[in-house]
Amino acid sequence: MKIRPYGDTLHDGKIQLSFSLPTPLSEVAVEAAKQVAENLGLVDVSVVHSEKMGTDFSFFIVYGTFTKQIDLDLITVQSVKTIVLSREEIEEKIRQEVKKELVFIGASTGSDAHTVGIDAIMNMKGFAGHYGLERYAGIKAINLGSQVSNEELIKQAKIHQADVILVSQTVTQKDVHIKNMVELIEMLEAEHIRKQYIVVCGGARITHELAKELGYDAGFGPNKFAEDVASYAVDEWLTRNTGK
Ligand code: B12
């Protein structure tokens with residue numbers, strides 16, 4: 001099935017871009033913004049909003065038409081394949097099949113101070129109508145907060161005999177998240193304890209594909225909640241420990 005974006009009528013190809021330019025707002029700057037969109041391949045470009053950003057920068061909103069089509073049938077995406085259960089179903093599965101409390105330890109690591117993502121997954125009240133792991137019977141959820149070093153995360157995982165390590169990474173500037181995420185895996189491997197843990201990462205720019213590439217067992221991005229990661233971790237724990 002082939003599709004293109006739409007704004008007003010289906011398949012009209014209309015899209016909206018916003019960006020800033022490192023030049024003061026002027027007629028030349030507006031024309032430069034138009035040319036940015038045209039160079040991206042958009043046609044019928046119009047700069048619908050422009051404003052100054054301080055003295056040396058300018059901000060633009062531009063409309064344009066995307067003329068190509070995207071074939072959905074040619075797209076493949078790596079994603080976690082687990083069937084996502086409800087909280088009650090997960091609790092029942094832990095009771096019936098895992099038969100022990102599963103310990104999840106999580107943190108936003110390195111220099112990353114963003115806590116909302118890891119809290120969304122772990123905290124009792126959860127996020128967007130999805131309760132967090134602290135609410136789940138059969139799961140002990142330990143949230144270490146933000147700016148936790150990889151050393152500390154590993155230390156706490158050992159102390160609490162964690163089954164699952166959860167890493168949240170939000171800031172991706174200059175690929176800082178990659179360096180930090182790789183370092184955790186390397187440290188676990190150096191201590192020969194990588195396989196003891198189900199290691200999962202998440203964040204706004206995290207995909208399952210990236211997670212696998214970096215040596216994690218799974219990765220979750222936006223619109224994923226406690227039940228996604230709990231369903232995955234329970235299945236993975238059962239596969240590793242009972243062969244199911
Ligand atoms: C709130 C916020 C802050 C707050 C954070 C407060 C706090 N206690 O968390 C403050 C003001 C401190 C902050 C600071 C900075 N921020 Co900020 N921040 C945001 C903001 C507005 C919202 C982020 C958020 O809370 N999202 C909501 C949560 C629920 O979404 P989420 O994290 O994606 O989580 C979901 C999934 O990703 C997933 N998930 C997340 N983690 C995990 C983990 C696991 C294990 C699993 C399974 C799933 C999972 O589940 C969640 C629910 O679905 C975003 C912009 C935006 N609108 O997104 C910028 C943003 C993230 N920040 C940004 C930046 C650059 C910074 C600073 C570097 C700014 C600066 N120059 O100082 C600093 C960095 C500080 C630091 N050392 O980390 C950039 C990041 C750009 C990039 N790609 O790197 C953003 C995108 C803004 C932007 N457009 O530039 N920020």
Side-chain angles (χ1 to χ4, degrees), residues 16-20 22 53-54 57 59-61 77-82 84-85 87 90 102-136 139-150 152-154 156-157 160 162-185 188 197-212 214-237:
Q16 172 182 310
L17 292 177
S18 65
F19 53 89
S20 41
M53 270 172 56
F57 297 84
F59 172 77
F60 302 91
I61 297 177
V77 179
Q78 260 197 58
S79 55
V80 178
K81 293 286 182 280
T82 316
V84 180
L85 304 177
R87 175 172 59 93
I90 293 165
L102 283 178
V103 180
F104 287 61
I105 194 153
S108 182
T109 60
S111 61
D112 204 324
H114 295 84
T115 52
V116 185
I118 193 72
D119 288 352
I121 299 296
M122 300 194 79
N123 279 9
M124 180 70 77
K125 68 178 180 183
F127 181 69
H130 300 256
Y131 288 133
L133 297 172
E134 284 174 3
R135 173 82 61 158
Y136 285 57
I139 289 181
K140 183 175 178 188
I142 303 161
N143 184 350
L144 301 177
S146 66
Q147 296 196 324
V148 174
S149 67
N150 287 326
E152 182 64 16
L153 181 56
I154 293 174
Q156 294 297 330
H160 294 284
D163 300 287
V164 188
I165 296 179
L166 301 180
V167 173
S168 183
Q169 291 284 274
T170 302
V171 175
T172 59
Q173 284 173 326
K174 299 192 167 77
D175 281 348
V176 63
H177 64 309
I178 297 196
K179 188 176 157 288
N180 197 43
M181 285 165 68
V182 169
E183 185 189 82
L184 175 72
I185 299 298
L188 291 169
Y197 303 104
I198 298 167
V199 191
V200 176
C201 56
R205 308 263 182 319
I206 303 291
T207 61
H208 183 53
E209 188 175 6
L210 175 70
K212 297 295 280 183
L214 302 183
Y216 285 68
D217 294 308
F220 295 88
N223 302 316
K224 298 293 178 187
F225 306 100
E227 56 267 39
D228 293 280
V229 66
S231 298
Y232 165 76
V234 168
D235 278 359
E236 182 64 21
W237 190 92

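Ligands are counted one by one from 1 in listed order, and the atoms in each one are counted from 1 as well.
- The number of protein N, O or S atoms lying under 2.8 Å from atom 17 (Co) of ligand 1 is 1.
- Here N223 has backbone heavy atoms under 4.0 Å from ligand 1, and that is the only part of it that gets that close.
- At under 3.5 Å, not a single nitrogen or oxygen of Q169, backbone or side chain, sits near a nitrogen or oxygen of ligand 1.
- With ligand atoms numbered from 1 in the order given, ligand 1 contributes 39 (N), 40 (C), 41 (N), 42 (C), 43 (C), 44 (C), 45 (C), 46 (C), 48 (C), 49 (C) to contacts under 4.0 Å with heavy atoms of G202.
- Protein non-hydrogen atoms do not reach within 4.0 Å of atom 87 (C) of ligand 1.
- Nearest to atom 31 (P) of ligand 1 by heavy atom, out of A218, C201, G110, G117, is G117.
- N223 meets the side chain to side chain contact (heavy atoms under 4.5 Å, CB included) test with no other residue; sequence neighbours excluded.
- Of the protein's non-hydrogen atoms, the one nearest atom 50 (O) of ligand 1 is K224 O, 3.4 Å.
- Look at Q147 and you'll find a heavy atom under 4.0 Å from some atom of ligand 1.
- Using a 4.0 angstrom heavy-atom cutoff, G221 counts as in contact with ligand 1.
- Listed by chain and number, the residues in a ring-ring contact (aromatic ring centres under 6.0 Å, His included) with F225 are H130 (sequence neighbours excluded).
- In this structure, atom 52 (C) of ligand 1 has protein heavy atoms in its sub-4.0 angstrom surroundings.
- Residue D112 has at least one heavy-atom neighbour below 4.0 Å for each of these atoms of ligand 1: 78 (O).
- Per-atom contact check: atom 67 (C) of ligand 1 does not touch the protein, criterion being a heavy-atom distance below 4.0 Å.
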Give the table of side-chain donor-acceptor pairs shorter than 3.5 Å for residues 198-211, with sequence neighbours excluded, one pair per line with atom names and distance.
from, atom 1, to, atom 2, distance (Å)
T207, OG1, L210, N, 3.0
H208, ND1, G219, N, 3.3

